[in-house]
Amino acid sequence: MQEPELPISRSPGQAAPVAAPRSAGGGDAARLGQDLERRLSQLETRLTEEAEAREKLERQVAAQSEELRVQRAAIARTQRALRGLTRSEEEATEPALREPGKPAGSRA
C-alpha cells in the first residue's frame with residue numbers, strides 16, 4: 001500500500017486531508033494511525049524548537065538594542081564634551097577680544 005501524500009503547505013483555514021484505509025484490514029488503519037501520530041509528534045517537536053529559536057532571537061535583538069542605546073548615549077556624551085572643549089579653546093585663543101596695551105595672560 002502506498003502512503004497518501006500529505007500537502008507540504010496549506011492555507012490557515014484549510015484542514016489536512018484524511019486518507020481512508022484502502023483495505024478493510026485493521027493493520028493498515030493501525031499503521032496509518034501510528035504514522036500520523038509519529039508525524040504529529042515530529043511537528044510538535046519542531047514547533048517547540050521553532051518557538052525556542054524565536055525566543056532566543058528576540059532576546060538577542062533586545063540585547064543588541066540595549067547595546068546600541070548605550071553606544072548612542074556614549075557618542076552623545078563625547079560630542080558634548082568635544083563641543084565644550086572647542087568652545088573653551090575658541091574663548092582662550094581669540095586675540096581680537098584683548099586690548100592692545102595689556103599682556104596676553106592678564107585680565108582686567
Side-chain angles (χ1 to χ4, degrees):
M1 175 178 124
Q2 293 181 353
E3 292 186 15
E5 292 183 14
L6 296 177
I8 294 175
S9 64
R10 296 186 301 263
S11 61
Q14 184 180 0
V18 178
R22 294 177 190 245
S23 67
D28 287 341
R31 187 162 42 101
L32 179 62
Q34 290 173 350
D35 185 45
L36 290 175
E37 285 179 16
R38 179 184 54 81
R39 289 181 187 197
L40 181 61
S41 175
Q42 288 173 344
L43 288 173
E44 287 172 345
T45 301
R46 183 175 171 195
L47 185 60
T48 301
E49 290 170 354
E50 295 296 328
E52 290 171 358
R54 179 181 177 168
E55 290 173 3
K56 181 180 176 183
L57 287 173
E58 287 174 347
R59 286 191 302 270
Q60 287 176 346
V61 167
Q64 289 175 348
S65 295
E66 176 63 16
E67 179 63 24
L68 182 58
R69 185 193 66 75
V70 168
Q71 289 175 355
R72 285 180 174 162
I75 289 169
R77 285 191 304 270
T78 302
Q79 287 175 336
R80 284 192 301 271
L82 287 174
R83 278 190 226 117
L85 286 176
T86 304
R87 285 189 201 120
S88 298
E89 288 175 2
E90 287 174 358
E91 291 172 2
T93 59
E94 290 189 20
L97 298 178
R98 295 189 196 126
E99 292 182 26
K102 295 189 178 182
S106 67
R107 292 189 180 213

**Request:** Would you please test Thr45 and Glu49 for side-chain contact (heavy atoms from CB on, under 4.5 Å) and show each step?
**Result:** CA-CA 6 Å; Thr45 301; Glu49 290 170 354; 3.6 Å; yes
**Asked** Do Arg46 and Gln42 come within less than 4.5 Å of each other through their side chains, counting heavy atoms only?
**Response** no
**Item:** Lys/Arg N to Asp/Glu carboxylate O, Arg31 vs Asp35, below 4.0 Å
**Value:** no
**Prompt:** Rounded to the nearest 0.5 Å, how far does CZ of Arg83 lie from OG1 of Thr78?
**Reply:** 10.5 Å
**Request:** Calculate, to the nearest 0.5 Å, the distance between atoms CZ and CG belonging to Arg38 and Leu43 respectively.
**Result:** 10.0 Å
**Request:** Run the salt-bridge test on Arg54 and Glu58 with the 4.0 Å N-O cut-off and return the result as yes or no.
**Result:** yes
**Prompt:** Is there a donor-acceptor contact under 3.5 Å from the side chain of Ser41 to the main chain of Glu37?
**Reply:** no
**Message:** Could you measure the distance from the CD atom of Glu44 to the OG1 atom of Thr48? Nearest 0.5 Å is fine.
**Reply:** 7.5 Å
**Prompt:** If you measure from CD on Glu52 to CG on Leu47, what distance do you get to the nearest 0.5 Å?
**Reply:** 10.0 Å
**Request:** For the residue pair Glu67 and Gln71, confirm or rule out a side-chain donor-acceptor distance under 3.5 Å.
**Result:** yes
**Request:** Would you check, one step at a time, whether the test side-chain contact (heavy atoms from CB on, under 4.5 Å) holds for Glu55 with Arg59?
**Result:** CA-CA 6 Å; Glu55 290 173 3; Arg59 286 191 302 270; 3.8 Å; yes
